[in-house]
There are 2 protein chains.
Amino acid sequence: MSDEKTEYTISDLAKEFEITSRSIRHYEDEKLITPLRRGVHRIYNTRDRVRLQLILRGKRLGFSLAEIKEIIDIYGMEGEQKQTERLLELIKVRRDSLKQQLKDIKYLLNEFDVLEEKLTASHQSE
Amino acid sequence: MSDEKTEYTISDLAKEFEITSRSIRHYEDEKLITPLRRGVHRIYNTRDRVRLQLILRGKRLGFSLAEIKEIIDIYGMEGEQKQTERLLELIKVRRDSLKQQLKDIKYLLNEFDVLEEKLTASHQSE
DNA sequence: GCTTACCTTTACGCAAACGTAAACTTAGTA
DNA sequence: TACTAAGTTTACGTTTGCGTAAAGGTAAGC
């Protein structure tokens, strides 16, 4: 039906996301991702792929692998009824952190705008 | 006139920004900040304080100290006429990075919204 | 069955960003 | 002036996030 792949080798994902296989294995060591095995080889499915995307997103935002694992675990725990309160709390903390980052980014982008304007102005006046 | 402080000790700043003096000294080792000395003691002025804020902002965004130094140096070099092109290039790179982070944050915030809704829904239906 | 490409585990190495302890100096104050 | 709090340098230790061999196993094509 769809021609989207549903299975990936470790180097498939490594190439796609421009990281090394070593990194992907490291994320597995740290329990952030747990692919199936066909014999001894790792087989990644679309769910694993999404997880990897989440990991890289987290990294770009400066989260540690431990923090990213926490976030990922939140996703995985959707089913568990019990700890809803705890999950909501975790989400709140993470959201606050992201909102602070939003502020930081907006501040810096604005600073860059101002600085760039100054630079191009003095550049043209030469 | 104004009652804003214009001088700070290392522990003043450490307390204010909730970091250790060790960290601040480390930033100095890495040439990100260079306070004056009164004898052997470090004296920080408002300019140093702003620098420190920039450092922490950068850290929250996941930049390395080396990268933050690069950004800070951009700020400091406003006067230098020569390297305008280079500075504009650096700004461009940094801006692209920040814009990617903006996307990442918006994605995650949205995911949190969705997840939270699911959680509170299932929570109420019990 | 041999080659080649890709995969595996094990394990030591390394840079970044501080933590932490040691040993001392300096500045205010009682 | 002696105590105390805070500051200083020096230097080794620690954690995180992989890099990088080493030493080999596996799958596919010829």
Side-chain angles (χ1 to χ4, degrees), chain A residues 5-45 48-49 51-73 94 97 101 104, chain B residues 5-45 48-49 51-73 94 97 101 104:
Chain A
K5 264 206 221 176
T6 61
E7 262 187 22
Y8 310 84
T9 67
I10 193 165
S11 52
D12 284 343
L13 294 183
K15 273 178 203 159
E16 176 174 358
F17 294 113
E18 298 182 282
I19 57 179
T20 64
S21 297
R22 174 67 176 91
S23 296
I24 300 179
R25 288 195 198 98
H26 180 63
Y27 304 148
E28 185 174 346
D29 287 344
E30 301 295 322
K31 321 281 182 189
L32 275 81
I33 190 170
T34 50
L36 293 175
R37 300 284 182 137
R38 177 132 59 231
V40 71
H41 292 103
R42 292 169 175 81
I43 300 295
Y44 298 84
N45 58 30
D48 295 322
R49 224 193 72 136
R51 263 165 180 269
L52 190 52
Q53 281 182 302
L54 259 175
I55 293 171
L56 298 180
R57 229 187 301 271
K59 288 210 57 186
R60 283 197 298 270
L61 295 177
F63 291 121
S64 71
L65 291 185
E67 289 172 317
I68 294 170
K69 175 168 160 45
E70 194 188 62
I71 293 176
I72 284 182
D73 287 347
R94 286 293 151 223
S97 167
Q101 291 200 39
D104 291 332
Chain B
K5 263 206 221 176
T6 62
E7 262 187 23
Y8 311 85
T9 68
I10 193 165
S11 53
D12 284 344
L13 294 183
K15 274 176 203 159
E16 177 174 358
F17 295 113
E18 299 183 281
I19 56 180
T20 64
S21 298
R22 175 68 177 90
S23 296
I24 299 178
R25 290 194 197 100
H26 180 64
Y27 303 149
E28 185 174 347
D29 288 344
E30 302 295 322
K31 321 280 183 191
L32 276 81
I33 190 170
T34 50
L36 293 175
R37 298 286 183 134
R38 177 133 61 231
V40 71
H41 290 102
R42 293 169 175 80
I43 300 294
Y44 299 84
N45 58 29
D48 295 322
R49 224 193 72 139
R51 263 166 182 269
L52 190 51
Q53 281 182 301
L54 259 175
I55 294 171
L56 299 180
R57 228 187 303 270
K59 289 210 58 188
R60 283 196 298 270
L61 296 178
F63 291 119
S64 71
L65 291 186
E67 290 171 317
I68 294 170
K69 176 169 161 45
E70 195 187 60
I71 293 176
I72 283 183
D73 288 347
R94 289 290 151 226
S97 167
Q101 291 199 39
D104 291 331

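A note on names: the letters A, B, ... follow the listed sequences, proteins ahead of strands, and every chain is numbered from 1.
Between the CD1 atom of A:I55 and the P atom of D:dG17 there is a distance of 11 Å, given to the nearest Å. The separation between B:H41 atom NE2 and D:dA5 atom P is 15 Å, rounded to whole Å. Here D:dT26 presents its P atom at 17 Å from CD1 of A:I10, a figure rounded to the nearest Å. Protein atom CG of B:L36 is 13 Å distant from nucleotide atom P of D:dT8, rounded to whole Å. Distance, A:I33 CD1 to D:dC18 P: 13 Å, rounded to whole Å.
In this structure the side chain of A:Y44 reaches within 4.5 angstrom of the side chain of A:I33, judged on heavy atoms. At a threshold of 4.5 Å between non-hydrogen side-chain atoms, the residues B:D48 and B:P35 count as touching. The shortest side-chain heavy-atom distance between B:R51 and B:I72 falls under the 4.5 Å cut-off. Residues A:L32 and A:L65 meet the side-chain proximity criterion, which asks for heavy atoms closer than 4.5 Å. Using a 4.5 Å heavy-atom threshold, the side chains of B:I68 and B:L54 count as separate.
The residue A:T9 sits close only to the backbone: its heavy atoms come under 4.0 Å of sugar-phosphate atoms, none of a base. Nucleic acid contact for A:T20: sugar-phosphate only, since backbone atoms but no base atoms lie under 4.0 Å from a heavy atom of the residue. Among the heavy atoms of the strands lying under 4.0 Å from B:R37 are primed sugar atoms or P, OP1, OP2 only; no base atom is included.
Interface limits on DNA chain C: the 5'-most and 3'-most nucleotides within less than 4.0 Å of chain B heavy atoms are C:dA17 to C:dA27.
Near DNA chain D, meaning a heavy atom under 4.0 Å from it, residues 22-31 of chain A has A:R22, A:S23, A:H26, A:Y27 in order of number. For residues 57-71 of chain B, proximity to DNA chain D is found at no residue, defined as any non-hydrogen atom under 4.0 angstrom from a strand atom.
Scanning all heavy atoms of the two residues, the minimum distance from B:L61 to A:Q101 falls at CD2-O, 3.7 Å. Across all non-hydrogen atoms, the minimal contact from B:E30 to B:K69 is O-CD, 3.6 Å.
For A:E28, the salt bridge (charged side-chain N to carboxylate O under 4.0 Å, His left out) partners two or more places apart in sequence, or in a different chain, are A:R37, A:R42.
Contacts classified as salt bridge (charged side-chain N to carboxylate O under 4.0 Å, His left out) and involving residues 52-64 of chain A (residues at least two apart or in different chains) are given here: A:R60-B:D104.
Side-chain atoms of A:R94 do not come within 3.5 Å of backbone N or O of A:I71 as any donor-acceptor pair.
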Review item, side-chain donor-acceptor pairs of residues 12-27 of chain B, under 3.5 Å, at least two apart:
from  : atom 1 : to    : atom 2 : distance (Å)
B:D12 : OD1    : B:T9  : OG1    : 3.4
B:D12 : OD2    : B:K5  : NZ     : 3.3
B:D12 : OD2    : B:T9  : N      : 3.0
B:D12 : OD2    : B:T9  : OG1    : 3.4
B:E16 : OE1    : B:R49 : NH1    : 3.2
B:E16 : OE2    : B:R49 : NH1    : 2.6
B:T20 : OG1    : B:S23 : N      : 3.1
B:T20 : OG1    : B:S23 : OG     : 3.0

